[in-house]
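The analysis underlying the following values was restricted to heavy atoms, covering all of them including side chains, and did not include hydrogens, waters or symmetry mates. Just so it is clear, the model here is predicted, and its values are computed rather than measured. Each residue takes its place number in the sequence, starting with 1.
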Amino acid sequence: MTDTRRQLTLNLFIYPGGHHEAAWRYLAAEPERALDITYYQDLARKAEAAKLDAVFFADGPALPDKIRFGPRVRPEPITWLTAIAVATSRIGLIGTASTSYYEPYNLVRLFASLDHISGGRAGWNIVTTSAENAAFNFGQPAQQPHAERYQRAAEFVDVVSKLWDSWEDDALVIDKAAGIYADETRIHDIEHIGPHFRVKGALTVPRSPQGRPVYVQAGSSPAGRSFAARYAEAIFTAHQTIDSARAFYADVKAQAAALGRDPDHIRILPGISPFIASTEAEARQLQQEIDDLIQPAYSISQLRDFTGIDLTGYDLDAPFPQHLIDQHTTRGHTSRTQLIFDLVRSEGLTIRQLIRRLAGARGHYVVAGTPEQIADIIEAWGTSGAADGFNVMPPWLTGGFDRFAEHVVPILRQRGLFREDYTSTTLRGHFGLPRPDSQFATALRKSA
Ligand SMILES: Cc1cc2nc3c(=O)[nH]c(=O)nc-3n(C[C@H](O)[C@H](O)[C@H](O)COP(=O)(O)O)c2cc1C
């Protein structure tokens, strides 16, 4: 595989307490600070000091039913990122919001405000939401099928793109003498009428410093991949092996090129959850310590959320009952469901072995080693067509990230794989992405 050496993208994916489901019980964890904004501002400043590209927040518009066993509280990410924006100056701010449970006009205003407040550092992680219970919080009797969620998502992104473009870059005049604040001929109603949305007007604020927020996408099924090839500028994805990541990377980049997009304008970012210590043995010991805090009731509940299969009451040390996979309804199940089924089939795991594999980061790549070993893995994936960087998912916070920032990032920098310092003030700039023109301005130039 050719060495495609270039600057890697590294985001800090922040999860209350850390990504390991039992991390909140670990000695050094601070679960009582899950709703303390200064905890997240401090983390973001550490990530900025390490020159990372962005902090990343997931979201789910429903309370998981396993809250008894872990700090899965979910503050709304856009408001949370706004508080982080004013405590930082360079780090990107990527928040997750679901196309299934927003209206385009509301979402556009929230992210446009974040982009203005932060000077162009906002990114939107576009999800359609696989958690079944979210539908019940929005008056829906049942979750929309997988394929329909993506159809709605495609129209949703078309609408928000028009809204973010509805002000041309030079629409604001602010001529006190002439008494002209804005040139209304450069502000366009979008007049959208479609199967899911009808939206008339222009946006309520001018275009942001980076044109519009960066489109990040999280969804890796065939439908998710074609959606990503069409819209995504960064893709968050879960892979257990470098080969799986390479296949995904090649597929999505090829699909994007076939659509006439520049494949370099899509940053593919698998998750990585590293246990880091000065020796590999100590790193594995650390992983074992936190794994031993696992509460199977939580793990079984999370497994049911991901697969629809409830193993409550099953012997944990018995093999995973594969016949249940065959019976599983294929209601367009998600890529995460598929990843778990593939893991069970390929490794013949017991239920306990499976829940320990998923405990670290819900199916993302978990690794234990020295800083050099972690850097070697990042370099191997990042220079062989498996990744353009990573969403770093520290198993526990904040110590798990401190070790990454203090010991792994400098090695990547020495190897020429990561920036010495920021050269841009926007998230687009950090990702090496072009600033898009307003589609209205482009159309007008073409028709002139
Ligand atoms: C890496 C990854 C991260 C995700 N994060 C979220 C999230 O934070 N909130 C959410 O509602 N859905 C999340 N999802 C689920 C997506 O919303 C998506 O709709 C679902 O997985 C179905 O897409 P897929 O089958 O194409 O992966 C995530 C999916 C992936 C693959």
Open item on the list: Does Leu203 form a side-chain contact (heavy atoms from CB on, under 4.5 Å) with Arg212? I'd like the steps, not just the answer.
Closed with: CA-CA 12 Å; Leu203 186 53; Arg212 58 162 168 74; over 6 Å; no
- [ ] Using the side-chain contact (heavy atoms from CB on, under 4.5 Å) rule, take His20 and Trp396 through it: C-alpha gap first, then chi angles, then the decisive distance, then the call.
- [x] CA-CA 6 Å; His20 192 291; Trp396 91 96; over 6 Å; no
Task: pair Thr99-Leu107: side-chain heavy atoms closer than 4.5 Å - done: no
TODO: Establish, from distance only, whether the side-chain atoms of Asp59 and Thr96 form a donor-acceptor pair under 3.5 Å.
DONE: no
Open item on the list: Ring-plane angle category for Phe111 and Trp164, please: parallel below 30°, perpendicular beyond 60°, tilted otherwise.
Closed with: perpendicular
Task: Gap between atom CD of Gln7 and atom OG1 of Thr423 - 0.5 Å precision - done: 8.5 Å
Task: Value rounded to 0.5 Å, distance of CD1 in Ile67 from CZ in Arg74 - done: 8.5 Å
TODO: Can you spot which of Arg435, Arg428, Arg261 makes a salt bridge (Lys or Arg N to Asp or Glu O under 4.0 Å) with Glu233?
DONE: Arg428
Task: All salt bridge (Lys or Arg N to Asp or Glu O under 4.0 Å) counterparts of Arg109, not counting sequence neighbours - done: none
Open item on the list: Using side-chain contact (heavy atoms from CB on, under 4.5 Å), reason through Phe390 and Trp381 one step at a time and then give a plain yes or no.
Closed with: CA-CA 9 Å; Phe390 287 89; Trp381 286 50; 3.4 Å; yes
Open item on the list: So Leu269 and Asn11, do their side chains get closer than 4.5 Å, heavy atoms only?
Closed with: yes
- [ ] Could you walk me through whether Phe156 and Trp124 pass the ring pair (Phe, Tyr, Trp, His ring centres under 6.0 Å) test, one step at a time?
- [x] CA-CA 13 Å; Phe156 194 111; Trp124 169 34; 5.7 Å; yes
TODO: Find out whether Asn133 and Asp65 are in side-chain contact, i.e. whether some heavy atom of one side chain is under 4.5 Å from a heavy atom of the other.
DONE: no
Open item on the list: Below 30° counts as parallel, above 60° as perpendicular, anything between as tilted: where do the rings of Tyr231 and Phe227 land?
Closed with: tilted
Task: Ser244 OG to Tyr365 OH distance, which is reported to the nearest 0.5 Å - done: 11.5 Å
Task: Step-by-step salt bridge (Lys or Arg N to Asp or Glu O under 4.0 Å) determination, Asp305 to Arg362 - done: CA-CA 11 Å; Asp305 289 351; Arg362 305 176 300 286; over 6 Å; no
- [ ] Check the angle between the aromatic planes of Phe440 and His188 and answer parallel, tilted or perpendicular using the 30° and 60° thresholds.
- [x] parallel
Task: side-chain contact (heavy atoms from CB on, under 4.5 Å) between His430 and Thr9, worked out - done: CA-CA 8 Å; His430 299 343; Thr9 294; over 6 Å; no
Open item on the list: Please identify which of these residues, Asp115, Asp170, Asp169, Asp437, meets the salt bridge (Lys or Arg N to Asp or Glu O under 4.0 Å) condition with Arg207.
Closed with: Asp169
Open item on the list: Less than 4.0 angstrom from a charged side-chain N to a carboxylate O is my criterion; do Glu21 and Lys66 meet it?
Closed with: no
Open item on the list: Nearest 0.5 Å, please: how far is CD1 in Ile235 from CG in Asn391?
Closed with: 12.0 Å
Task: CG-CG distance between Leu433 and Leu427, expressed to the nearest 0.5 angstrom - done: 7.5 Å
Open item on the list: Between Thr334 and Ser130, do the side chains contain a donor N or O and an acceptor N or O under 3.5 Å apart?
Closed with: no
Open item on the list: Distance check, rounded to the nearest 0.5 Å: Tyr102 atom OH versus Leu110 atom CG?
Closed with: 5.0 Å
Open item on the list: Tell me whether the rings of Phe236 and Phe56 are parallel (<30°), tilted (30 to 60°) or perpendicular (>60°).
Closed with: perpendicular
